[in-house]
Protein chains: 2
Amino acid sequence: MNEYSVKKEVNDKYSLRGRVFHRIREDILNGKYRENEELREVAIGEELGVSRTPVREAFRQLELEGLIHIVPNKGAYVTGITSKDVRDIYAMRSLLEGLCARWATEHITEEQMEEMEENIYLSEFHAAKGHAEQLTELDSRFHEILYEASDSKMLKHTLSDFHEYVMRIRKQTLSDNTRSVQCNSEHRKIMEAIKAKDAEEAEKQARQHMINAYHHMAEHGLGAIYDSGREKNLKL
Amino acid sequence: MNEYSVKKEVNDKYSLRGRVFHRIREDILNGKYRENEELREVAIGEELGVSRTPVREAFRQLELEGLIHIVPNKGAYVTGITSKDVRDIYAMRSLLEGLCARWATEHITEEQMEEMEENIYLSEFHAAKGHAEQLTELDSRFHEILYEASDSKMLKHTLSDFHEYVMRIRKQTLSDNTRSVQCNSEHRKIMEAIKAKDAEEAEKQARQHMINAYHHMAEHGLGAIYDSGREKNLKL
DNA sequence: ACATGTATGATTGTATACAATCATGCATAA
DNA sequence: TTATGCATGATTGTATACAATCATACATGT
């Protein structure tokens with residue numbers, strides 16, 4: 001349903017600002033607004049039933065997140081992600097998710113551990129049933145749990161950024177069922193290493209998980225969708 | 001007409017909006033606004049000579065960067081950097097600076113290589129003379145060159161963020177002369193590995209450089225300045 | 001025909017007006 | 001005394017008015 005439930009709840013409760021921000025972002029991530037499309041403040045404001053002010057504030061945040069690019073006095077344009085950007089992000093994520101898994105091993109709470117196990121159990125169920133939507137949601141949640149378990153505000157923030165950045169691509173990747181199964185098996189390995197308090201192994205598995213996710217993506221349409229015309233040697 | 005627009009572009013990279021954002025950001029990082037201090041839109045607007053609108057937009061961005069925390073209908077409060085945050089950032093930087101050095105080895109240009117060598121020569125000169133100011137500047141520049149040489153927009157952006165985040169601490173660290181000497185020696189090792197096209201060694205040295213920088217900082221007043229009351233075991 | 005200047009409309013940038021909300025302090029009653 | 005309710009002021013949230021800027025198209029002169 002909603003990928004960023006925590007953030008959303010906090011913002012939705014009180015102000016338009018959060019709603020506007022998340023609505024526009026979702027529309028970009030879902031591909032409603034396409035690469036290089038110009039976003040006009042009044043048009044989007046009317047669509048969401050608000051004035052320009054909240055829209056502008058949302059634009060500033062979206063720019064900082066890298067989803068749009070604002071040219072002063074001209075307009076806001078949806079930022080394209082090149083295949084090289086994706087490759088670079090996954091390389092960074094590989095290292096940081098590894099670090100995250102290591103720290104999570106040291107700091108995870110009982111409840112987090114239980115939610116993680118439940119997450120994997122559910123994922124395996126939905127993979128067997130072929131429920132793509134739920135799998136996407138559960139995959140996101142698995143990593144969020146990991147981020148929170150690391151007990152590091154900074155690391156969580158950084159990884160969440162990366163995660164959201166590659167969201168649009170991840171969606172179609174996970175809809176491939178063979179990858180879902182392998183993905184779940186990798187999640188399970190990470191979870192078991194954490195449960196066994198084996199930080200070294202958790203780090204290794206988390207890193208490998210990112211590398212595998214990237215390789216699968218690179219081989220299944222990444223180039224076709226986000227063809228930047230460069231850097232086809234996709235070793236990671 | 002034309003003269004003005006050209007001049008403007010030269011003067012401020014990102015127009016008024018950017019100036020307001022960067023000014024407030026700098027004031028937070030420099031410690032002008034202290035932890036938990038409430039930032040009022042009108043007060044800051046008056047200080048910068050602008051209305052609330054640009055200030056509000058800047059606040060939204062700063063919140064996303066994690067420098068302030070906005071409570072709806074209440075106010076904006078400066079988020080403190082704890083010693084744990086610094087530790088976490090250095091752990092992340094260690095990995096990513098390593099990756100950066102690796103990629104720099106593969107992509108560095110002639111000019112960048114030359115500027116890096118020149119940077120190290122100058123650093124050694126100023127260290128011998130005890131010029132703290134120049135050393136800070138040169139150290140920042142060394143890492144910037146490295147970021148650009150990596151030829152990765154995403155990595156450069158991430159590392160620049162981290163770099164700025166810990167800037168205020170780095171300043172006093174580098175004013176210690178014994179560390180300056182060691183720091184230069186580590187820069188030299190990184191540079192030589194890159195020059196020898198030894199990516200493995202470059203990565204290793206860059207990682208170690210961050211670990212050393214952090215340890216030195218932790219032993220020279222980090223706790224005193226950024227005492228958050230938690231996490232005193234500063235292993236990295 | 002081509003280049004240049006200029007009018008025009010559209011869009012963003014900023015300031016301000018007004019509404020909603022919150023914190024504070026005081027008055028009042030148990 | 002203590003708790004409750006309300007008035008008041010301060011601050012943020014949103015909408016709108018106005019200024020600055022940019023792109024387009026058309027007119028004019030060569």
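Note on naming: letters A, B, ... go to the chains in the order of the sequence lines (proteins, then strands), and numbering restarts at 1 for each one. A quick note: this is a predicted structure, and the numbers were derived from the prediction, not measured.
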Assess the pair B:F142 and B:H187: is the distance between their ring centroids shorter than 6.0 Å? yes

Can you figure out which of C:dC22, D:dT14, C:dG13 approaches the side chain of B:N73 most closely? C:dC22

How many Å lie between OH on B:Y77 and P on C:dC22, as a whole number? 12 Å

So, OP1 or OP2 of C:dT14: does either fall under 4.0 Å of a side-chain N or O from B:T53? no

Interatomic distance where CZ belongs to A:F21 and P belongs to D:dT14 [whole Å]: 15 Å

With a 4.0 Å limit, can you tell me whether B:R56 has a side-chain N or O closer than that to the phosphate oxygens OP1/OP2 of C:dG13? no

To the nearest Å, give me how far apart NZ (B:K74) and P (D:dT12) are. 11 Å

My understanding is that only residues two or more places apart in sequence, or in another chain, count here; which of them pass side chain to side chain donor-acceptor pair (under 3.5 Å) with A:S152? B:D88

Within this structure, what is the CZ-to-P distance between B:R40 and D:dG9, rounded to whole angstrom? 17 Å

To the nearest angstrom, the CD-P distance between A:E38 and C:dA10 comes to 14 Å

A:Y147 side chain to A:E97 side chain, donor-acceptor N/O pair below 3.5 angstrom: yes

From CD1 of B:I70 across to P of C:dC22 the rounded distance in Å is 16 Å

Counting side-chain heavy atoms from CB outward, which of D:dG13, D:dA15, C:dT12 is closest to A:E41? C:dT12

Distance check needed: D:dA10 P versus B:R52 CZ, whole Å only. 14 Å

Can you name the nearest heavy-atom pair linking B:R60 to B:I70, along with the distance? NH1-CD1, 3.1 Å

